[in-house]
Amino acid sequence: RRYAQGVCQTPGDRCDVNAYRSELLGLLLMLKLIKIVCEEFEIKTRMIKLACDNLGGLKTCFAKKWRSSINAYHFDILWEIYDHIQHIPVNIQIFHVKAHQTSYEWKGNQLAEINEDMDELAKAYDNQCLLHGSMESTVDLETKFWSVWTRRRKLVRNLDKNIVDNIHGGELKRFLLGKQRLTNESIELID
């Protein structure tokens with residue numbers, strides 16, 4: 001089979017990275033590739049099939065008529081996806097393919113076969129990262145949108161809550177210690 005493929009670590013703190021965020025990143029990277037190909041070859045009137053096994057991700061990305069809230073999980077990737085969808089000159093036809101099918105189930109369904117290949121590629125890359133001890137991503141999205149970082153961690157969800165916690169969290173911890181409501185050990189468990 002001939003198709004473009006690639007791997008990268010999903011950007012974000014380890015506690016923010018999950019399968020959903022990784023699927024969103026895959027959708028974003030496919031949209032970036034589509035945009036580059038359209039620009040390079042001056043394609044303006046075609047239809048592209050885009051398939052993914054994450055139905056929630058597809059609905060979130062392609063059903064919205066506005067950017068996600070800054071409090072939405074993974075808003076950084078969702079904003080990029082929204083922006084790319086608005087600037088791609090071709091029609092995008094989305095397909096949901098069932099995840100983790102047996103080869104008998106997807107035989108003859110090209111989109112399911114490609115999805116299965118991509119999932120295998122992602123698993124192999126994750127295993128390679130685990131073996132080399134590099135699960136923390138140093139990758140960041142090249143974006144025109146702003147981002148907020150605290151303690152060398154990019155905030156990708158609940159932006160307003162995280163900012164308030166960062167500003168006032170230390171004060172609150174000192175207050176609780178002063179009132180002897182928490183011990184030094186328990187205060188360290190608060191993030």
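Along the sequence shown, residues are numbered consecutively beginning with 1. The analysis underlying the following values was restricted to heavy atoms, covering all of them including side chains, and did not include hydrogens, waters or symmetry mates.
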Could you report the tightest heavy-atom contact between Y82 and K65, atom names first, then the distance? OH-O, 3.3 Å
Is I77 reachable from Y73 through a run of I, L, V, M, F, W or Y residues, each pair having side-chain heavy atoms under 4.5 Å apart? no
Would I43 end up clustered with L33 when hydrophobic side chains under 4.5 Å apart are linked, directly or stepwise? yes
Compare every heavy atom of I85 with every heavy atom of C61, then report the nearest pair and how far apart it is. O-CD1, 3.4 Å
Is the number of heavy atoms from other residues, nucleotides or ligands within 6.0 Å of CD (Q180) greater than 12? no
Does the side chain to side chain contact (heavy atoms under 4.5 Å, CB included) test come out yes or no for L50 and L31, once each step is laid out? CA-CA 9 Å; L50 193 143; L31 291 169; 4.1 Å; yes
For side chain to side chain contact (heavy atoms under 4.5 Å, CB included), just list the numbers for I34 and R46, CA-CA rounded to whole Å, side-chain angles, deciding distance to a tenth of an Å, and then say yes or no. CA-CA 11 Å; I34 291 167; R46 293 280 187 244; over 6 Å; no
Would you name the heavy atoms of H84 and L28 that are closest together and state the gap between them? ND1-CD1, 4.0 Å
Within the 4.5 Å heavy-atom criterion, are D83 and R67 side-chain neighbours or not? yes
Is L25 linked to L78 within one hydrophobic cluster, defined over Ile, Leu, Val, Met, Phe, Trp and Tyr using a side-chain heavy-atom separation of less than 4.5 Å? yes
Please evaluate residues K59 and H96 with respect to the criterion side chain to side chain contact (heavy atoms under 4.5 Å, CB included), reporting the C-alpha separation (whole Å), side-chain torsions for both, the decisive distance (0.1 Å), and the verdict. CA-CA 10 Å; K59 285 181 178 179; H96 174 252; over 6 Å; no
The reported gap from CG in D16 to CG in L155 (rounded to nearest 0.5 angstrom) is 8.0 Å
I would like to know whether Y20 and T60 meet side chain to side chain contact (heavy atoms under 4.5 Å, CB included); could you show each step before the answer? CA-CA 11 Å; Y20 181 74; T60 299; 3.2 Å; yes
Distance-minimising heavy-atom pair for G57 and L24: CA-CD2, 4.1 Å
Side-chain touch E23/D53, heavy atoms, less than 4.5 angstrom: yes
Once you round to the nearest 0.5 Å, how far does CD of E116 lie from CG of L111? 13.0 Å
Rounded distance [0.5 Å steps], NZ in K123 versus CG in N127: 9.5 Å
Heavy-atom check, side chain of M30 versus side chain of I81, under 4.5 Å: no
Atom CD of residue position E42 - does it have more than 12 heavy atoms of other residues, nucleotides or ligands inside 6.0 Å? no
If you measure from CD on E39 to CD1 on I88, what distance do you get to the nearest 0.5 Å? 9.0 Å
Any non-hydrogen side-chain atom of C52 less than 4.5 Å from a side-chain atom of I94? no
Measuring from atom CE of M47 to atom CD1 of I92, what distance do you get when rounded to the nearest 0.5 angstrom? 11.0 Å
Has R21 got a side-chain atom pairing as donor or acceptor with P11's backbone, closer than 3.5 angstrom? yes
Grab the two heavy atoms, one from V90 and one from C38, that are nearest each other, plus how far apart they are. CG1-SG, 3.8 Å
